[in-house]
Amino acid sequence: MTTTGAALRVAAIVVALLATTLLTHYVRGGKAIYFFEPHHIVWLFGASNTAFLAAMLLLLYRVARDGAAGVSLHGSTLNLAAVAVRGVFVGGGHFGSSAFALTEAALSLGAALALVLALHPATAARFALSAERPRAPRAPEDFPTAALAAGCVGWGVVASLLSTNVDHLFRWICLAVSIYLEAGAVLPQRALLLRTKRLPALTAHALFLWALSGALRLLLWVILLLEGELHLWLMLGDFVHVALLADFVALYVQSLAAGELAEGMAMGELDV
């Protein structure tokens with residue numbers, strides 16, 4: 001899996017999603033079908049975030065049980081930042097009146113923080129389920145995470161300013177920044193997996209849930225598009241997010257089809 005080939009595949013998926021979105025919007029003339037209500041958006045957004053929460057909980061369990069091999073501290077830190085910023089967005093508007101959305105936001109923040117603490121060398125030992133059981137070591141990471149985070153935050157601010165909706169601008173900035181931080185979090189995780197060439201089976205399941213979360217968010221954008229709302233610059237972040245995960249999902253499905261998953265689960269890891 002070459003870097004150039006992966007970049008071309010990601011770019012092709014993003015372009016295809018953008019082209020389909022713009023074509024659909026302009027063919028329909030931006031007309032709304034008046035079928036979906038705001039609470040449908042709240043619940044779908046919450047379902048996406050719940051899938052993401054399940055992924056973090058599964059990773060947290062695996063790290064506590066077997067160690068941090070195959071799980072990126074850098075990626076998890078970016079996800080923690082994304083969840084924290086997203087919580088500000090959830091706290092207002094229709095989301096702020098939903099007990100489900102608020103509960104998910106609180107649980108996601110706690111799970112993301114716990115995962116970062118479980119991965120960090122200074123606190124990892126406190127999260128081990130058994131001090132006697134050998135735990136796989138965490139591979140060293142060398143990734144420009146600070147620059148990546150700054151770029152995600154900066155582009156998120158720009159994306160929100162380019163959005164046609166300027167009401168409640170601070171909340172929109174928080175949403176855009178969280179979207180781009182989530183997309184950026186995939187990069188250090190992918191880099192770690194490609195460098196170690198081994199993928200713990202539970203980590204594979206967790207990243208599949210991560211991809212499911214992105215797919216549900218795409219469905220949310222489709223619904224908003226059908227209701228005449230085009231938030232192109234926010235959608236772009238999720239398009240990139242899904243595109244970055246697409247190669248991994250393809251690998252995951254191929255492993256299932258080839259029967260490698262069962263063997264990998266018995267061994268505790270899969271070849272990448």
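All values below come from the heavy atoms of this structure, side chains included, with hydrogens, waters and symmetry mates left out. Keep in mind that what you see is a predicted model, and the values were worked out from it rather than measured.
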* With sequence neighbours left out, write down each residue that passes salt bridge (Lys or Arg N to Asp or Glu O under 4.0 Å) with E227, or none if nothing qualifies. => none
* To do: Could you grab the distance from atom CH2 of W210 to atom OG of S213, nearest 0.5 Å is fine?
  => 9.5 Å
* Heavy-atom side-chain contact between F143 and L192 under 4.5 Å -> no
* Enter the distance from F208:CZ to L245:CG here, rounded to the nearest 0.5 Å. => 11.0 Å
Can you give each donor-acceptor pair under 3.5 Å made by side-chain atoms of residues 215-224, sequence neighbours left out, with the distance rounded to 0.1 Å?
{"from": "R217", "atom 1": "NE", "to": "D238", "atom 2": "OD1", "distance (Å)": "3.4"}
{"from": "R217", "atom 1": "NE", "to": "D238", "atom 2": "OD2", "distance (Å)": "2.8"}
{"from": "R217", "atom 1": "NH2", "to": "D238", "atom 2": "OD1", "distance (Å)": "2.9"}
{"from": "W221", "atom 1": "NE1", "to": "D238", "atom 2": "OD2", "distance (Å)": "2.7"}

* Is there a side-chain contact between L187 and L78 (heavy atoms, below 4.5 Å)? -> no
* Is any side-chain heavy atom of L57 less than 4.5 Å from a side-chain heavy atom of L53? -> yes
* To do: To the nearest 0.5 angstrom, please state how far the CZ atom of F239 sits from the CD1 atom of I179.
  => 10.5 Å
* Please answer whether the main-chain N or O of A176 pairs with a side-chain N or O of S160 as donor and acceptor at a distance below 3.5 Å. => no
* Structure fact -> Nearest heavy-atom approach of G67 to R62 is O-NH2, 3.2 Å
* Asked: Of all residues at least two apart in sequence or in a different chain, which pass the side chain to side chain donor-acceptor pair (under 3.5 Å) check with Q189?
  -> none
* To do: First locate atom OG1 of T77, then atom CG of L181, and finally report the distance between them rounded to the nearest 0.5 Å.
  => 11.5 Å
* So, do F52 and L212 sit near enough that their side-chain heavy atoms are less than 4.5 Å apart? -> no
* Are V15 and L230 connected in a single hydrophobic cluster, I mean Ile/Leu/Val/Met/Phe/Trp/Tyr linked by side-chain heavy atoms less than 4.5 Å apart? -> no
* Spacing of CG belonging to L22 relative to CG belonging to L232, to within rounding of 0.5 Å -> 5.5 Å
* So which residues get pulled into L8's cluster when ILVMFWY side chains under 4.5 Å apart are joined, directly or through others? -> none
* Structure fact -> By side chain to side chain contact (heavy atoms under 4.5 Å, CB included), S76 pairs with (sequence neighbours left out) V71, L115, V116, L119
* **Residues that, via side-chain heavy atoms closer than 4.5 angstrom, fall in one hydrophobic cluster with F100** => W43
* Atom CZ of F89 and atom CD1 of I173: how far apart are they, to the nearest 0.5 Å? -> 12.5 Å
* Asked: Are the side chains of W172 and H231 in touch, meaning some heavy atoms are under 4.5 Å apart?
  -> yes
* To do: For A243, enumerate each residue passing the side chain to side chain contact (heavy atoms under 4.5 Å, CB included) test, keeping only those at least two apart in sequence or located in another chain.
  => V10, I13, V14
* Asked: Taking only residues two or more places apart in sequence or in another chain, which ones pass side chain to side chain donor-acceptor pair (under 3.5 Å) with T145?
  -> H74
* Structure fact -> All heavy atoms of V88 vs all of R171, minimum pair found to be O-NE, 4.4 Å
* Side chain of E182, backbone of A82: donor and acceptor closer than 3.5 Å? -> no
* To do: For residues A206 and A55, report the shortest heavy-atom separation together with the two atoms involved.
  => O-CB, 3.2 Å
Which pairs of donor and acceptor atoms, one on a side chain in residues 25-38, lie under 3.5 Å apart (sequence neighbours left out)?
{"from": "R28", "atom 1": "NH1", "to": "K31", "atom 2": "O", "distance (Å)": "2.7"}
{"from": "R28", "atom 1": "NH2", "to": "K31", "atom 2": "O", "distance (Å)": "3.1"}

* To do: Give a yes or no answer on whether the side chain of S178 reaches the backbone of L175 with a donor-acceptor pair at less than 3.5 Å.
  => yes
* **Under 3.5 Å: donor-acceptor pair, side chain of R86, backbone of C174** => no
* Work out which heavy atom in E141 is nearest to a heavy atom in L73; give both atom names and the distance. => OE2-N, 2.7 Å
* To do: Could you list the residues that satisfy side chain to side chain contact (heavy atoms under 4.5 Å, CB included) with T123, not counting sequence neighbours?
  => L117, H120
* **Minimum heavy-atom distance between F127 and A64, given as atom pair plus value** => O-CB, 3.0 Å
* Structure fact -> Nearest heavy-atom contact between L102 and F95 is CG-O, 4.1 Å
Pair up each side-chain donor or acceptor in residues 105-113 with any protein partner under 3.5 Å, not counting sequence neighbours, and list the distances.
{"from": "S108", "atom 1": "OG", "to": "E104", "atom 2": "O", "distance (Å)": "3.0"}
{"from": "S108", "atom 1": "OG", "to": "E104", "atom 2": "OE2", "distance (Å)": "2.6"}

* **Qualifying residues under side chain to side chain donor-acceptor pair (under 3.5 Å), relative to W233, sequence neighbours excluded** => none
